[in-house]
Structures are given as C-alpha cells and as structure tokens.
Amino acid sequence: MSEKQTYFLTGVTGTLGKELVRELLITAPHELYVLIRGQKNLSARERLRKILAASGIEHFFEKRIWALEGDITRPGLGISSEEMDLLRAKTDRFMHVAALTALNGSREECFSINLGGTREALSVGWDFLKKGKMKRFFYFSTAYAAGSRQTYRSLESGLPESPAHANFYESSKYEAEKSVRQAIAEGFPATIFRPSIVVGHSQTGATSEFNVIYPFLKLFAHRILTKLPSRLENSFNIVPIDFVIKAALAIAQRDDSLGRGYHLVTQEPPTIGMLLDVARQEYPQIPEVELIDPDRFEPSALPPQEKFVYDMLTPYLGYLNDHLTFDTSDAQEALRGTGVDFPRTDRGFLKRLLAYAVDAGYLLVS
Ligand SMILES: NC(=O)c1ccc[n+]([C@@H]2O[C@H](COP(=O)([O-])OP(=O)(O)OC[C@H]3O[C@@H](n4cnc5c(N)ncnc54)[C@H](OP(=O)(O)O)[C@@H]3O)[C@@H](O)[C@H]2O)c1
C-alpha cells in the first residue's frame with residue numbers, strides 16, 4: 001500500500017475522474033480535496049455525495065474526501081481564499097483532469113475551459129509549489145493533442161510543430177499541453193498522461209459514459225446511419241478505462257516520471273473490419289454497414305437526414321480512420337514491474353464492450 005498523501009483533483013464528476021477517486025480511496029489511505037462546479041439545484045458537496053454513493057463508497061464522504069466549489073475558468077479556479085489557504089497547506093499532489101471533452105464544442109468554450117482552465121490550474125500549482133508543500137502535478141492531456149487529421153507517429157517527448165487538428169477539442173488540448181510543457185521547462189514538477197479513446201473496463205466492458213465510438217454503433221444499430229467513410233483495415237485506438245487509471249497512478253508513483261509525458265493507449269488497435277465482424281457475429285440483427293472509401297465519400301450525395309447526422313459527426317470521423325500512431329516506449333518502461341500491463345484490445349474485448357452496451361440498454365438490439 002502506498003504512503004498516505006493528500007491529493008487535490010479537478011474533473012472528478014467525469015468519466016475518468018470518478019474512477020480515479022475510487023481507486024485513490026480504495027487502494028491507499030490518501031485524503032482527497034476535489035473541485036466541483038455547483039449546479040442550479042445541487043451544491044458541490046451534494047454532487048460529490050451522489051457520485052460516491054453511485055460508486056458504493058459514500059462512507060468516505062467528508063472522512064477522506066471533501067468537495068470544494070469552484071470553476072476552472074475562474075481566477076484561482078474560483079476557490080474562496082480560506083479554502084485556498086487550506087488547500088495550499090495540505091496538497092502534496094495536484095491532478096488536473098477537468099476539461100470540455102465534447103468533440104463538437106465551440107472554439108470559445110474549448111479554449112476557455114481547456115486552455116484557460118489549465119493555465120489557472122498551473123498558476124494555482126505554482127503557488128502551491130512555492131508557498132505550500134505540493135511536490136507533483138499531473139495533467140491529463142489526450143493522445144489526439146497531436147491532431148487526428150494527418151498521418152503522424154506521435155512521440156511521448158513532445159508535440160508536433162504543425163499539427164492537423166480535427167476539432168477545437170484537439171487544438172485547445174494541444175495548446176494546453178504546450179503550456180504544461182512550458183511550465184516543465186521552467187522547473188514545474190508536472191507529468192503528462194495522454195490516453196487515446198477511453199472505453200469500458202477491460203474485463204467487464206462496463207462504462208459510465210457511452211462516448212465517441214459508442215454513438216456510431218448506436219446510429220448504425222438503429223439504422224439512422226447506413227454508410228461509414230472508412231476502410232476495413234483502418235484502425236481506431238481505444239483503451240480500457242481500468243488500464244488508464246491503473247497505469248496513470250502507477251506512473252505517478254515513480255520519481256523518474258517527473259517532467260515527462262506518457263501515451264496511455266493500446267499498442268494493437270483493432271480494425272474497423274474486426275469491429276464490424278464481431279458485431280455481425282454477435283448481433284446479426286444489427287444492419288450491415290456499407291463502407292465507403294473516405295477519399296471518395298461525398299456527404300452531399302447522402303439522403304438529407306443522413307447528411308445532417310454526418311455533418312454533426314465530422315469532428316469524430318478521424319478517430320475511426322487512425323492516421324496517428326503512438327510511440328509507447330516511455331510508458332512501457334515506466335510500467336515494467338508494476339503489474340500493470342498494456343491492454344489487449346482484441347475480438348474478445350470488443351465483444352465485452354458490445355455486450356455491456358446492449359445489457360445496459362444503450363444499444364437496443366431486438
Ligand atoms: N474520455 C476519454 O476518452 C479521454 C481520452 C483522452 C483524454 N481524456 C482527458 O481526460 C480528462 C478527463 O476526461 P473525461 O472523459 O473524464 O471527461 P468528462 O467525462 O467529459 O468530464 C469532464 C470533467 O471536467 C469537469 N469540468 C468541465 N468544465 C469545468 C469547469 N469549467 N470547471 C470545473 N470543472 C469542469 C466536468 O465537470 P461537470 O460535471 O461540472 O461538467 C467533469 O468533471 C480530460 O482532460 C480529457 O481531455 C479523456
């Protein structure tokens with residue numbers, strides 16, 4: 001069991017944040033302070049209590065985990081000065097997880113939350129480093145900060161000079177990671193994690209959110225879409241959530257991960273052909289998907305309703321036609337001997353993901 005530390009986290013109401021909280025509370029004696037936005041009818045405290053209850057760990061509420069109301073786009077993350085004094089005095093480790101992850105988010109929103117929010121987190125981090133006892137800062141970037149629109153082998157040590165981004169999520173996360181790397185160059189003790197597309201649990205397929213890949217499956221299963229601009233051999237990089245959580249926390253424990261970045265991705269991405277084949281075998285009721293060569297795909301030739309849907313999905317299409325590949329040398333080295341292995345994202349895994357989505361009632365297959 002690792003020694004007790006006090007963490008300050010953002011983004012704990014999200015897909016990854018909820019699991020990070022659970023893992024940090026269950027596997028170690030850590031104490032957690034978490035920044036949460038208040039909602040109209042629900043305070044930050046109430047939101048935290050609900051999340052813990054849903055994970056079956058409500059007994060930790062205000063024993064080992066406390067909510068602070070704030071907003072990462074506001075100066076000082078919108079935390080009151082009394083709470084900031086407390087946090088500064090307590091925080092050993094700061095994990096900045098919050099982001100706007102909508103791939104169709106506007107430029108203004110994406111840059112305000114992802115770049116602006118990360119700058120605020122860095123500024124609070126510098127304050128904690130200089131005047132408090134914070135030793136480490138962890139930032140969740142994305143493997144797609146490198147841009148999903150061009151063929152490129154992404155390295156863990158940096159970002160491309162001329163990225164081709166598919167949406168404002170990617171470009172805002174690129175600028176945010178650049179600001180974290182700039183801080184590292186100035187002596188800030190940050191570590192960067194870059195997951196690819198996070199999907200369900202490796203063994204159970206369970207997920208709390210059906211994002212990115214799942215909506216495509218749903219649209220095909222429900223016959224709203226019939227054509228996909230991709231090729232059978234094209235791959236897509238999905239990574240099970242439990243690997244991302246365990247790998248990030250194992251790497252976070254290492255002294256030599258300071259100042260470095262890590263790809264948390266699968267090393268063997270499945271292909272579109274494999275996914276369609278598994279879907280056909282397991283759920284023959286799901287209609288056949290017609291693949292169209294992306295170079296010849298003409299959305300204007302589609303029936304109006306289908307064209308409307310494709311226009312909304314354009315920011316997502318790059319993820320189904322992986323041009324990016326990811327070097328994982330540093331993550332591989334850092335995980336050696338930790339008991340955390342890179343995931344197998346094979347046919348069996350795809351089956352489990354589909355089965356969970358069907359059993360949860362997300363994919364209606366009659
Ligand atoms: N999931 C993936 O596939 C994936 C892949 C690669 C990288 N990542 C990165 O991993 C991190 C977590 O992703 P996720 O999928 O867990 O995201 P998510 O489910 O969309 O959750 C986003 C979190 O950020 C919070 N947030 C957003 N704007 C905020 C603001 N202005 N002030 C305070 N909190 C705010 C949200 O709070 P509310 O509940 O109040 O909205 C929520 O807790 C992100 O940095 C993302 O870029 C995710």
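No experiment lies behind these values; they were computed from the predicted model shown. Basis for what follows: all heavy atoms, side chains included, without hydrogens, waters or symmetry-related copies.
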Spacing of [X] atom [atom1] and [Y] atom [atom2] [to the nearest 0.5 Å]:
X    : Y    : atom1 : atom2 : answer
D311 : E306 : CG    : CD    : 11.5 Å
L87  : E82  : CG    : CD    : 12.0 Å
L48  : I36  : CG    : CD1   : 4.5 Å
L129 : L122 : CG    : CG    : 11.5 Å
S157 : D330 : OG    : CG    : 7.0 Å
R280 : E288 : CZ    : CD    : 4.5 Å

Is the number of heavy atoms from other residues, nucleotides or ligands within 6.0 Å of [atom1] ([X]) greater than 12?
X    : atom1 : answer
R153 : CZ    : yes
K218 : NZ    : yes
Q305 : CD    : no
E108 : CD    : no
R88  : CZ    : yes

Handout entry: NZ or CZ of K133 within 45° of F128 ring axis and under 6.0 Å
Key = no
Practice task
Determine, for F111 and R107, whether the Lys NZ or Arg CZ falls below 6.0 Å from the six-membered ring centre while staying within 45 degrees of the axis.
Solution key: yes
Heavy-atom check, side chain of [X] versus side chain of [Y], under 4.5 Å:
X    : Y    : result
V239 : T345 : no
W66  : L32  : no
L225 : L313 : yes
N104 : N167 : no
Y139 : F193 : no
E69  : E83  : no
P215 : Y362 : yes
S257 : Y262 : yes

Test: [X] and [Y] ion pair at under 4.0 Å:
X    : Y    : value
D242 : K246 : no
E58  : K50  : no
E177 : R194 : yes
R344 : E268 : no
E31  : R64  : no
D295 : R231 : yes

Indicate, with yes or no, if [Y] and [X] share a hydrophobic cluster defined by side-chain heavy-atom contacts under 4.5 Å among Ile, Leu, Val, Met, Phe, Trp and Tyr.
X    : Y    : result
F308 : L228 : no
Y316 : F168 : no
V97  : F188 : no
V12  : V198 : yes
M95  : L68  : no

[Y] and [X] aromatic ring geometry - parallel, tilted or perpendicular at 30°/60° bounds:
X    : Y    : answer
F243 : F342 : tilted
Y319 : Y144 : perpendicular
H96  : F94  : perpendicular

Practice task
For L20 and F140, run side chain to side chain contact (heavy atoms under 4.5 Å, CB included): C-alpha distance rounded to whole Å, both residues' side-chain angles, the deciding distance at 0.1 Å, then the answer.
Solution key: CA-CA 12 Å; L20 276 169; F140 275 81; 3.9 Å; yes
Practice task
Let me see the working for Q267 and T328 under side-chain hydrogen bond (donor to acceptor under 3.5 Å, both in side chains), right down to the final yes or no.
Solution key: CA-CA 8 Å; Q267 294 170 313; T328 54; 3.0 Å; yes
Practice task
Begin from the C-alpha positions of E156 and R260 and carry the test salt bridge (Lys or Arg N to Asp or Glu O under 4.0 Å) through to its verdict.
Solution key: CA-CA 8 Å; E156 291 164 298; R260 305 176 83 150; over 6 Å; no
Handout entry: Step-by-step side-chain hydrogen bond (donor to acceptor under 3.5 Å, both in side chains) determination, E298 to S300
Key = CA-CA 5 Å; E298 211 17 277; S300 58; 2.9 Å; yes
Problem - Worked check of side-chain hydrogen bond (donor to acceptor under 3.5 Å, both in side chains) between R136 and T191 - result: CA-CA 8 Å; R136 301 284 299 262; T191 298; 3.0 Å; yes
Problem - Distance-only polar pair, side chains of E233 and T271, donor-acceptor under 3.5 Å - result: no
Practice task
Check the side chains of S43 and E46 for a donor-acceptor pair under 3.5 angstrom, ignoring hydrogens and angles.
Solution key: yes
Handout entry: Criterion side chain to side chain contact (heavy atoms under 4.5 Å, CB included) on L35 and L9, from CA distance to verdict
Key = CA-CA 6 Å; L35 178 124; L9 294 106; over 6 Å; no
Exercise for the section: Using the side chain to side chain contact (heavy atoms under 4.5 Å, CB included) rule, take T91 and Y7 through it: C-alpha gap first, then chi angles, then the decisive distance, then the call. Expected result: CA-CA 6 Å; T91 301; Y7 279 77; over 6 Å; no
Problem - Result of checking D293, I272, I292 against S230 for side chain to side chain contact (heavy atoms under 4.5 Å, CB included) - result: I272
Problem - Test log, rule side-chain hydrogen bond (donor to acceptor under 3.5 Å, both in side chains), inputs S179 and Q182 - result: CA-CA 5 Å; S179 67; Q182 178 59 39; over 6 Å; no
Exercise for the section: Show your working on salt bridge (Lys or Arg N to Asp or Glu O under 4.0 Å) between D255 and K135 and close with a plain yes or no. Expected result: CA-CA 10 Å; D255 292 339; K135 295 278 185 295; over 6 Å; no
Practice task
Show your reasoning for whether salt bridge (Lys or Arg N to Asp or Glu O under 4.0 Å) applies to D71 and R74.
Solution key: CA-CA 6 Å; D71 182 321; R74 292 183 30 213; 5.5 Å; no
Problem - Evaluation steps, salt bridge (Lys or Arg N to Asp or Glu O under 4.0 Å), between R254 and E333 - result: CA-CA 11 Å; R254 298 181 64 107; E333 181 59 33; 5.6 Å; no
